[in-house]
Number of protein chains: 2
Amino acid sequence: MITRNSIPELPETKRKLVDAGVTLMRARGYNATTVDEICSNAGVTKGGFFHYFKSKDELAKAALARFYEGKAQDFADAPFRKLVDPLDRVFGRLDYVKKSIGGPAQLTKGCLIGVFAQELSFTNPELRSACQEALLRTANDLEKDLVEAKALYAPTADFNPKKVSLFYVSFIQGGLLVAKAAESNAVLMDNIENFRSYLQSLFGSTKKVGKK
Amino acid sequence: MITRNSIPELPETKRKLVDAGVTLMRARGYNATTVDEICSNAGVTKGGFFHYFKSKDELAKAALARFYEGKAQDFADAPFRKLVDPLDRVFGRLDYVKKSIGGPAQLTKGCLIGVFAQELSFTNPELRSACQEALLRTANDLEKDLVEAKALYAPTADFNPKKVSLFYVSFIQGGLLVAKAAESNAVLMDNIENFRSYLQSLFGSTKKVGKK
DNA sequence: GGCAACATACCAACCAGTCTGTATGATAAC
DNA sequence: GTTATCATACAGACTGGTTGGTATGTTGCC
């Protein structure tokens with residue numbers, strides 16, 4: 001379960017531990033990140049850590065939740081949300097993702113959800129399930145706009161908004177992975193443009209495309 | 001560097017160790033797989049392991065190479081290679097991937113390249129680079145057919161075969177990741193169909209599509 | 001007899017988690 | 001308003017198990 005309302009009132013120390021966990025585990029993964037590292041990174045000692053978390057595992061759950069909530073919040077507040085046309089929101093989302101990734105030069109730090117899904121799915125059922133939920137919610141977020149846009153502009157078109165949304169989540173996650181290996185975000189940028197082009201073909205040329 | 005010609009003549013014991021490494025690390029990742037596990041899985045003791053490998057790290061490199069070579073061999077031998085029409089080969093590849101994944105029910109064990117890329121890119125430069133090379137080669141394999149097909153059927157079309165190939169690698173890797181988290185291959189299957197649909201839009205309706 | 005191909009025992013480092021201690025602030029008693 | 005009580009929030013030393021790697025055999029083949 002990803003609990004909302006967990007953001008507002010975290011003790012300072014606990015929040016620092018979670019943040020350190022997010023940062024370190026994004027880069028090194030779960031197993032390669034030690035509790036001691038998290039502690040020193042957060043400026044806390046072991047006593048502090050285990051005062052707030054029963055185990056390393058539990059911190060990982062908190063880190064995943066915090067990471068997801070943070071991203072969800074970013075997207076909830078993003079400018080493209082205010083667009084009235086659903087298809088504008090779809091393309092606006094792509095623009096927003098591109099912008100938040102930064103230029104091809106800037107290194108992306110990776111997605112904690114993807115990291116955990118890859119590393120822990122076969123060994124940690126709880127975290128696997130949490131990753132699944134986070135990924136599905138991300139897809140669902142796009143799906144809503146896609147359903148609306150389809151009803152409005154291409155009601156008879158032969159595509160499934162849910163599947164297209166999962167396709168979106170897939171190439172983003174895969175793009176992040178390839179970007180890590182290639183030490184370049186160029187792939188991610190290009191992927192988004194390919195997806196944009198695909199969406200344009202699905203919606204015909206009924207609408208103007210996203211800018212830039 | 002991924003060395004070819006490493007497949008033919010491996011000592012039986014060494015081969016078993018590498019195979020065990022591939023199997024275990026595909027599921028659990030690098031850090032969560034212990035040398036002892038690999039040994040017992042291969043029916044060898046520690047002495048045997050360190051007789052053939054200087055370190056766990058070196059086995060991982062061998063495992064990655066073997067995994068890639070195996071996959072490359074599969075694709076090199078696949079029936080779609082014999083098709084004379086490049087666009088047929090492109091769609092034939094998609095059919096082949098679908099078939100080798102199996103039905104949505106069957107669980108995919110994941111791609112070692114993706115696992116290593118995710119887990120080790122920031123901590124192990126050598127393996128990161130090896131993953132990059134493996135991913136790029138995979139993309140390049142499709143790219144060749146795509147270039148030919150474009151020259152033949154859509155020479156003026158506005159798409160970049162290299163970028164489309166990396167898009168392909170991305171959604172496959174991302175699809176595998178999501179499939180792990182969701183414990184279902186359905187996403188992968190759907191992704192391939194979406195990509196097929198995208199390719200059809202890129203090539204217009206000039207050619208028949210790949211068969212089911 | 002010498003070397004490759006292992007087996008077995010062993011070790012030192014590491015690491016998640018524990019235990020005990022202490023500082024601080026709230027609360028209650030008087 | 002001062003002291004006793006207690007809980008929270010940590011600090012820091014410690015531990016037991018794990019793990020990558022080593023050192024020392026032993027066996028069979030050329």
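A, B, ... follow the sequence lines: proteins, then strands. Residue 1 opens every chain.
- Distance B:Phe53 CZ to D:dT22 P: 15 Å, rounded to the nearest Å.
- Centroid-to-centroid, the aromatic rings of A:Phe171 and B:Phe171 stay 6.0 Å apart or farther.
- Not a single donor-acceptor pair under 3.5 Å links the side chain of A:Glu133 to the backbone N or O of A:Ala130.
- Partners of A:Val115 by side-chain contact (heavy atoms from CB on, under 4.5 Å), not counting sequence neighbours, listed by chain and number: A:Glu119, A:Lys180, B:Gln118.
- Between A:Phe203 and A:Phe159, the gap from one ring centroid to the other is short of 6.0 Å.
- Taking atom CG of A:Leu17 as the reference point, atom P of D:dA9 lies 13 Å away to the nearest angstrom.
- Contact check for A:Ser170 versus B:Leu176: no side-chain heavy atoms found under the 4.5 Å cut-off.
- For A:Arg128 (side chain) and B:Ala181 (main-chain N/O), a donor-acceptor pair under 3.5 Å exists by modelled atom type.
- Between A:Phe75 and A:Tyr96, the two ring planes are perpendicular [angle over 60°; tilted spans 30° to 60°].
- Rounded to an integer number of Å, the gap from B:Lys14 NZ to C:dC6 P is 11 Å.
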Pairs under 3.5 Å (N/O, protein and nucleotides 2-5 of chain C):
| from | atom 1 | to | atom 2 | distance (Å) |
| --- | --- | --- | --- | --- |
| C:dA5 | OP2 | B:His51 | NE2 | 3.4 |

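- One interatomic measurement links the two molecules: CD of B:Glu12 to C1' of C:dC6, which rounds to 14 Å at whole-angstrom precision.
- With values rounded to the nearest 0.5 angstrom, A:Leu146 atom CG is found 13.0 Å from A:Lys144 atom NZ.
- When rounded to the nearest whole Å, the span between CZ of B:Arg28 and C1' of D:dT19 equals 15 Å.
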N/O to N/O distances under 3.5 Å, protein versus nucleotides 15-23 of chain C:
| from | atom 1 | to | atom 2 | distance (Å) |
| --- | --- | --- | --- | --- |
| C:dA16 | OP1 | A:Lys56 | NZ | 3.2 |
| C:dA16 | OP2 | A:Val35 | N | 2.9 |
| C:dA16 | N7 | A:Lys46 | NZ | 3.3 |
| C:dG17 | OP2 | A:Lys56 | N | 2.9 |
| C:dG17 | O6 | A:Lys46 | NZ | 2.7 |

